[in-house]
**Student:** 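The structure follows.
Quick caveat, the model's predicted, so the values are computed rather than measured.
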Amino acid sequence: MFLERVLTGAPLALVILALSGCSSHWGCTDTTAERGEAGVRVQVEDTSERPLGVTAEVVNWRLEPHPQVPSESDQVHFHYRFDGADEISGPAVDACAVDKERVALSCGTVYSSQAFGSDGALTGDDWLAVEHPEQVAGVLLIPNDQSYDGRTCEQDIKDGGGPHPPEPGERGDEL
């Protein structure tokens, strides 16, 4: 009689536990977008790899001493442009100084919200520190939007998960 009551109530108890937050598995899933093709001019992509309607472009670059540390070797000074971006909450992309084999020598993230302009055309400039300036052959942008990366399942099993941008570009990456 006792066993029969336990077996009858077991499914209901599992449902109550699952709905109350006591379940060890919420069905949380993290996905990471594939890194898009780097280029001088790119269409910015969201974490689902869909175009955002924003173009990011390296307008020009040059090697020169950084004004805050002129005694150090030349660094990469580049100008960039975002077309179609929102001044306040627009996207961000990784910029990488690369050698002639398209191997990253240094990378950093540039944010459209830190650029200036009007009519959807925002421009800015930034610096990339490189160990061997003579190896720099260009500056490329990685098209994946890096402006928002939500919490992972590991960080928050209940409210985390979902799509995430790829890892930021770093020295040694082949672009």
Side-chain angles (χ1 to χ4, degrees), residues 29-70 72-117 120-155 160-175:
T29 304
D30 286 308
T31 59
T32 302
E34 291 290 323
R35 181 179 282 174
E37 179 71 28
V40 172
R41 182 179 170 92
V42 297
Q43 292 292 323
V44 183
E45 303 172 352
D46 66 13
T47 53
S48 298
E49 301 171 35
R50 292 185 304 246
L52 292 175
V54 175
T55 302
E57 177 181 14
V58 175
V59 178
N60 61 44
W61 68 273
R62 64 185 169 276
L63 295 172
E64 61 185 6
H66 192 288
Q68 293 177 343
V69 283
E72 292 185 11
S73 65
D74 284 348
Q75 302 301 310
V76 179
H77 184 204
F78 67 100
H79 289 84
Y80 59 90
R81 175 183 173 116
F82 285 93
D83 287 315
D86 180 327
E87 291 179 23
I88 299 168
S89 60
V93 295
D94 289 332
C96 297
V98 297
D99 66 12
K100 62 183 178 183
E101 308 287 323
R102 294 177 58 111
V103 173
L105 303 170
S106 179
C107 296
T109 305
V110 292
Y111 295 82
S112 62
S113 61
Q114 294 177 341
F116 302 96
L122 305 173
T123 59
D125 72 305
D126 209 342
W127 295 81
L128 294 169
V130 292
E131 285 185 35
H132 301 284
E134 70 280 0
Q135 294 179 349
V136 178
V139 177
L140 300 178
L141 301 174
I142 300 172
N144 305 89
D145 183 10
Q146 296 286 345
S147 65
Y148 174 75
D149 189 8
R151 297 177 61 77
T152 64
C153 292
E154 185 176 306
Q155 294 167 325
H164 301 278
E167 290 296 317
E170 61 183 35
R171 186 173 166 204
D173 288 353
E174 290 185 31
L175 305 176

**Student:** Taking only residues at least two apart or on different chains, which pairs with a member in residues 98-108 satisfy side-chain hydrogen bond (donor to acceptor under 3.5 Å, both in side chains)?
**Tutor:**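 Counting only pairs at least two positions apart or across chains, the side-chain hydrogen bond (donor to acceptor under 3.5 Å, both in side chains) contacts touching residues 98-108 are E37-R102.
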
**Student:** V139 and A95: which non-hydrogen atoms are nearest, and at how many Å?
**Tutor:**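 Answer, listing the atom of V139 first, then A95: CG1-CB, 4.4 Å.
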
**Student:** Does Q146 reach the main-chain N or O of P166 with its side chain, forming a donor-acceptor pair under 3.5 Å?
**Tutor:** yes

**Student:** Quick one: NE2 on H79 to CG on D125, what's the gap to the nearest 0.5 Å?
**Tutor:** 4.5 Å

**Student:** For a quick test of reading the model, state the closest non-hydrogen atom pair linking C153 to D30 and the distance between them.
**Tutor:** N-OD2, 2.9 Å

**Student:** Quick one: does Q75's side chain have a donor or acceptor within less than 3.5 Å of a partner on S73's backbone?
**Tutor:**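 Yes, Q75 side chain to S73 backbone: donor-acceptor pair under 3.5 Å.
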
**Student:** From S48 OG over to D145 CG, what is the distance, rounded to the nearest 0.5 angstrom?
**Tutor:**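 Here the interatomic distance stands at 11.0 Å.
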
**Student:** Start with the C-alpha distance between T55 and V42, add both sets of side-chain angles, then the distance that settles side-chain contact (heavy atoms from CB on, under 4.5 Å), and finish with yes or no.
**Tutor:** CA-CA 6 Å; T55 302; V42 297; over 6 Å; no

**Student:** Has the side chain of S112 got a donor or acceptor atom that lies under 3.5 Å from a matching backbone atom of P91?
**Tutor:** yes

**Student:** Hey, could you give me the NE2/OG1 distance between H164 and T47, rounded to the nearest 0.5 Å?
**Tutor:** 8.5 Å

**Student:** About how many Å separate CG of L63 and CD of E134, when rounded to the nearest 0.5 Å?
**Tutor:** 9.0 Å

**Student:** Answer yes or no: does atom CD of E167 have more than 12 heavy-atom neighbours from other residues, nucleotides or ligands under 6.0 Å?
**Tutor:** no

**Student:** I need the D126 CG to W61 CH2 distance, nearest 0.5 Å.
**Tutor:** 15.0 Å

**Student:** Parallel, tilted or perpendicular: which fits the ring planes of Y80 and F78, with parallel below 30° and perpendicular above 60°?
**Tutor:** tilted

**Student:** Considering non-hydrogen atoms only, spot the tightest contact between T31 and P163 and give its length.
**Tutor:** OG1-CA, 3.2 Å

**Student:** What's the separation between atom CD in E64 and atom CG in D74, rounded to the nearest 0.5 Å?
**Tutor:** 7.5 Å

**Student:** Between A104 and C107, which heavy-atom pair has the shortest distance, and what is it?
**Tutor:**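 For A104 and C107, the tightest heavy-atom pair comes out as CB-SG, 3.7 Å.
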
**Student:** Go through the structure and list residues passing ring pair (Phe, Tyr, Trp, His ring centres under 6.0 Å) with W127, not counting sequence neighbours.
**Tutor:**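 For W127 the ring pair (Phe, Tyr, Trp, His ring centres under 6.0 Å) partners, ignoring immediate neighbours, are H66, H77.
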
**Student:** Might you work through the side-chain contact (heavy atoms from CB on, under 4.5 Å) test for R41 and D83, ending with a clear yes or no?
**Tutor:** CA-CA 11 Å; R41 182 179 170 92; D83 287 315; 4.3 Å; yes

**Student:** Return the minimal non-hydrogen interatomic distance between V93 and I142, and the atom names on each side.
**Tutor:** CB-O, 3.3 Å

**Student:** Of all the heavy-atom pairs spanning R171 and E131, show the shortest one and how long it is.
**Tutor:**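 Looks like NH1-OE2, 2.8 Å.
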
**Student:** Against R35, only a single residue in N144, D173, D94 fulfils side chain to side chain donor-acceptor pair (under 3.5 Å); can you say which?
**Tutor:** D173

**Student:** Taking CD in E174 as the centre, count heavy atoms belonging to other residues, nucleotides or ligands within less than 6.0 Å. Is the count above 12?
**Tutor:**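 No, because the 6.0 Å sphere around CD of E174 holds 12 heavy atoms or fewer from other groups.
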
